[in-house]
Amino acid sequence: MQITFRELEGSNKSFYGLLGGLGLLAVIGLFAAWQMEHYGHIITGMTNQIVWGMPHVFAVFLIVAASGVLNVASIATVFGKKFYKPLAPLSALLAIALLAGGLMVLMLDLGRSDRLIVAMTHFNFKSVFAWNVFLYSGFFTLAAAYIWSMMDRNMVPYNKTIGYAAFFWRLSLTTGTGSIFGFLVARQAYDSALLAPMFIIMSFSYGLAIYLLVLMAAYGCSKRPLGDAVIRRLKNLLGVFIGATLYFVLVYHMTNIYFTKQHGLERFILLNGGVYPLLFWLGQVFVGAVLPLFLLYAPITRQSRKAVALACLLVVLGGLAQMYVTIIGGQAYPLPLFPGMTVSSSFFDGVVHPYSPSLVETMLGIGGMAVAGVIVVIALRVLRFLPESLDDSVVDPHH
Amino acid sequence: MKNLLSKGWIKLAAAGTLLLVGVLSLAYAEDNTQDTSRVPMPNVTAVRGKQCVEPTEFMRKNHMKLLIHHRISAVHHGDNQLADKYSIINCVNCHASTRDNSVTGPGDFCQSCHAYAAVKITCFECHSSKPSGTPPSFHPLISLGSGDKATRATMMRYQAYHGTLPNLQTGFSVKDLAGVMR
Amino acid sequence: MKDFDTYRRRFVTSVLGIAATTALPVGVMFWQTAQGKEVDDSPASSKIRWGMLVDTTKCATGCNACVSACNKENGISGEVTDTSPQWIRKVNVTNPENGYSFTLPMMCQHCEEPPCVDVCPTGASFKRADGIVLVDRHICIGCRYCMMACPYKARSFIHQPVEDQLAEVPRGQGCVESCTFCVQRIDAGQQTTACQDACNAEGHQAIFFGDLKDPESSISKQLATYGAKEVLPDLNLHTGVRYQGI
């Protein structure tokens with residue numbers, strides 16, 4: 001059955017209200033960036049010990065989710081599941097929006113944001129960051145081409161090629177993002193080849209959670225029919241990804257616990273590190289994995305859309321907690337200058353590094369999410385990303 | 001006429017033209033204040049020395065190229081910043097104003113030209129805008145009198161050949177110029 | 001026959017297209033290499049490798065002469081907050097089992113294979129031909145990745161605008177910095193660092209500085225006689241700073 005796509009309709013009041021709210025958050029984020037540029041990073045909570053803070057937590061989350069949200073389109077194109085085909089355009093749009101938001105935060109947090117042109121023209125090709133400049137810009141181009149090949153009848157023959165290219169490109173991109181940390185030999189929490197595939201599987205999980213949230217919100221607001229078949233398949237897939245993420249986290253920590261030299265770090269992250277074990281067990285594991293899995297699969301809740309939406313939201317929150325533990329927890333634990341010895345100095349060697357995020361940097365991070373939201377809201381209203389109906393009778397249940 | 005006005009693009013072109021004329025007239029309007037230029041003309045002063053290391057016109061066009069090249073030789077090749085006549089330290093040493101001992105205060109050397117040309121300079125976010133010590137006395141244009149062009153070329157060749165500029169207090173002999181003069 | 005002609009035409013066109021597309025970046029690369037000819041007689045050459053040797057048995061607990069001298073030489077404020085830069089710091093090391101302790105100055109180790117150089121996206125963090133690892137502040141964008149990558153936590157970020165910097169040591173907001181082996185002194189012909197001079201002035205003589213590639217230099221002779229260890233030797237970074245007595 002032919003599925004027609006239409007721009008999102010709905011009352012002007014709610015559209016402008018939502019846009020205004022998101023726009024305000026975005027403007028506050030930009031104001032925060034201006035303050036940081038003017039006064040220097042001294043007004044943030046980031047220090048010489050915790051060099052990457054809240055902005056990076058949000059930015060890396062958004063970038064990871066951006067690559068993962070394209071999964072829905074890849075399942076349609078690369079894996080040939082026709083069921084996912086009408087869901088693909090929204091997936092590509094979200095990929096662009098989330099990546100734009102994440103990159104905005106990252107670039108505005110630079111000590112010298114005015115030197116972005118330098119970053120675009122001087123490259124050290126041994127650096128993962130330099131590769132990422134190409135990977136991220138290429139991703140924008142590919143995602144845009146992907147949308148074009150989905151929406152323009154003349155370009156549909158190229159859809160498969162572009163879909164494959166986008167699939168492998170985003171695997172490289174997420175590998176690059178995970179390797180930002182995985183290639184660092186200096187910190188005990190990083191220095192691991194497991195981080196790249198872990199980031200890939202996390203991207204699937206966060207991306208699909210955000211996709212499902214946006215889908216349910218858009219169809220709910222515009223009163224378009226969204227059938228149970230779509231929700232069921234997406235939620236089951238999300239459950240698989242959450243489980244896979246939990247597996248990677250388990251393997252990572254179990255391996256670290258096996259190495260005696262990593263015992264100090266593991267004790268810090270899992271037991272006595274204060275906010276980090278709290279965020280790990282309560283945030284990443286319980287809120288981010290166990291509770292959503294229960295909501296998605298338990299007989300009492302799995303039929304309820306509210307439960308599914310809540311599960312997606314919890315996955316997002318758990319993802320942010322995971323980023324905080326990885327990025328900031330990894331920096332908080334002291335570097336092993338003299339393994340086995342007690343070390344102290346005026347430069348805070350040998351002690352856990354404290355970090356209290358300031359309002360300014362948190363607003364910058366939230367501003368990035370808001371910018372992603374603004375892009376999505378405007379695009380859905382103005383262009384034909386969403387099918388008129390995703391009712392059970394319309395979508396093809398035989399993939 | 002009615003047919004003409006009915007076309008949308010005519011209206012747009014007319015509006016655009018009016019806007020352009022309006023903006024241009026505001027931009028070029030004479031204001032009746034005492035000071036006829038809105039941005040003060042650049043204040044080119046040197047506190048020390050009779051002449052710059054290069055003629056003014058050359059410097060106006062090329063000082064940024066000299067600085068871009070010099071920063072590579074200073075940072076990456078380890079050239080002695082203090083002895084190099086194109087070093088930013090030596091520019092500041094001569095051009096810092098006596099009023100506020102700086103090149104970036106209002107009306108000072110670097111600031112006045114750059115404000116006039118509306119080009120932001122970020123050099124002095126890192127580099128000191130205040131003079132340090134006395135400028136080296138090697139300015140060949142000051143110590144030697146006539147034939148500046150030949151002198152300057154000779155000095156540069158001497159530096160390229162020997163690695164440093166000649167010590168003009170003690171002078172240099174014809175032997176030192178062997179290999180330099182061709 | 002006509003089909004084959006068309007096929008041949010298409011084939012040749014696509015091959016030429018691919019060749020032209022790959023030739024462009026390759027050509028740019030060659031052009032850039034030609035432009036960036038290394039100046040052979042540049043003062044910083046790979047014939048020298050600057051290195052430092054610290055004798056921790058002579059390093060006195062509680063003495064901060066090297067730190068103060070470095071601050072003075074480079075125009076650093078000397079504040080000790082979590083956002084203030086410290087190019088060199090005194091580290092106190094104690095063995096928890098038996099109480100044996102020693103102290104040493106820790107600064108950028110000027111590794112031969114610096115992780116900070118590997119990760120810098122713009123190439124601002126670089127190793128000079130004579131072995132000194134520096135940050136080119138003209139190119140640094142302030143991403144702080146090098147700070148994440150340094151195993152010795154040697155780098156500092158400037159968190160606020162700097163006034164009253166020294167003319168010989170430009171420093172400003174938003175860039176990363178670390179010990180430069182007093183490069184402004186070395187380029188001007190002096191061959192000692194400020195920390196070395198201060199340590200000698202205090203009478204401890206714990207710091208040697210010199211050319212590791214010159215077997216006649218005092219540091220090479222000291223190394224040949226007494227040997228030395230690197231901090232975190234298992235990382236195989238071949239640091240320029242070595243320690244005796246750790």
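By convention in this document, chain letters (A, B, ...) are assigned in the order of the sequence lines, proteins followed by strands, and residues within each chain are numbered from 1. Computation of the quantities below employed the complete heavy-atom set of this structure, encompassing side-chain atoms and omitting hydrogens, waters and symmetry-equivalent molecules.
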Enquirer: Side chain from CB out, backbone as N, CA, C, O: work out which of these in A:Phe125 comes under 4.5 Å of a heavy atom of chain C, or both, or neither.
Expert: neither

Enquirer: Pick one of side chain, backbone, both or neither for A:His56, based on which atoms fall under 4.5 Å of a heavy atom in chain C.
Expert: side chain

Enquirer: Go through the atoms of C:Cys143 and report whether side chain, backbone, both or neither lie under 4.5 Å from a heavy atom of chain A.
Expert: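 Both parts, backbone and side chain.
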
Enquirer: Do side-chain atoms of C:Lys153 reach the backbone of A:Asn48 as a donor and acceptor pair under 3.5 angstrom?
Expert: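 Judged by distance alone, no pair lies under 3.5 Å.
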
Enquirer: How long is the span from the CD1 atom in C:Ile141 to the CE atom in A:Met107, to the nearest 0.5 Å?
Expert: 10.0 Å

Enquirer: Is A:Leu335 in contact with chain C via its backbone, its side chain, both, or neither, using a 4.5 Å heavy-atom distance?
Expert: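 For A:Leu335, side-chain heavy atoms alone lie under 4.5 Å from chain C.
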
Enquirer: Against chain C, label A:Met46 side chain, backbone, both or neither, depending on which of its atoms sit under 4.5 Å from a heavy atom there.
Expert: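 It is both, since atoms from each part get that close.
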
Enquirer: I'd like to know if the side chain of C:Gln160 reaches the main chain of A:Tyr39, judged simply by a donor and an acceptor atom lying under 3.5 Å from each other, with no hydrogens or angles considered.
Expert: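 Not at all, since once roles are kept as given, no pair shorter than 3.5 Å links the two residues.
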
Enquirer: Heavy-atom cut-off 4.5 Å, strictly under: side chain, backbone, both or neither for A:Ile180 against chain C?
Expert: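 Contact with chain C is through both the backbone and side chain of A:Ile180.
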
Enquirer: Please answer whether the main-chain N or O of A:Met341 pairs with a side-chain N or O of C:Asn95 as donor and acceptor at a distance below 3.5 Å.
Expert: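 Between the backbone of A:Met341 and the side chain of C:Asn95 there is no qualifying donor-acceptor contact (under 3.5 Å).
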
Enquirer: Between A:Trp52 (side chain) and C:Met148 (backbone), is there a donor-acceptor pair under 3.5 Å?
Expert: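 Checking the backbone N and O of C:Met148 against the side chain of A:Trp52, no donor-acceptor pair under 3.5 Å is found.
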
Enquirer: So what's closer than 4.5 Å to chain C heavy atoms on A:Pro336: side chain, backbone, both or neither?
Expert: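 Just the backbone, heavy atoms under 4.5 Å.
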
Enquirer: Any salt bridge between C:Arg144 and A:Asp109, counting N to O under 4.0 Å?
Expert: yes

Enquirer: Between C:Thr81 and chain A, with a heavy-atom cut-off of 4.5 Å, which part of the residue counts as in contact: side chain, backbone, both or neither?
Expert: backbone

Enquirer: Taking the side chain from A:Arg115 and the backbone from C:His138, do they hold a donor-acceptor pair closer than 3.5 Å?
Expert: yes

Enquirer: So, A:Asn124 side chain and C:Val117 main chain: donor-acceptor pair closer than 3.5 Å or not?
Expert: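 Pair found, side chain donor or acceptor close to backbone of C:Val117.
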
Enquirer: What part of C:Ile246 is in contact with chain A, defined as an atom under 4.5 angstrom from a non-hydrogen atom: side chain, backbone, both or neither?
Expert: side chain

Enquirer: How many angstroms lie between atom SG of C:Cys140 and atom NE2 of A:His122, to the nearest 0.5 angstrom?
Expert: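 The distance works out to 12.5 Å.
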
Enquirer: Go through the atoms of C:Ser84 and report whether side chain, backbone, both or neither lie under 4.5 Å from a heavy atom of chain A.
Expert: backbone

Enquirer: Measure the CD1-CZ distance between A:Ile42 and C:Phe157 for me, rounded to the nearest 0.5 Å.
Expert: 10.5 Å

Enquirer: Does the A:Ser345 side chain pair with the main chain of C:Val91, one donor and one acceptor, at a distance under 3.5 Å?
Expert: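 The answer is no, because no donor-acceptor pair under 3.5 Å joins these two groups.
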
Enquirer: Below 4.5 Å from any heavy atom of chain C, which atoms of A:Leu184 appear? Answer side chain, backbone, both or neither.
Expert: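 Just its side chain gets close to chain C.
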
Enquirer: If you take all heavy atoms of A:Leu337 and C:Leu232, which pair is closest and at what distance?
Expert: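 Closest pair (atom of A:Leu337, atom of C:Leu232, distance): O-CD2, 3.6 Å.
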
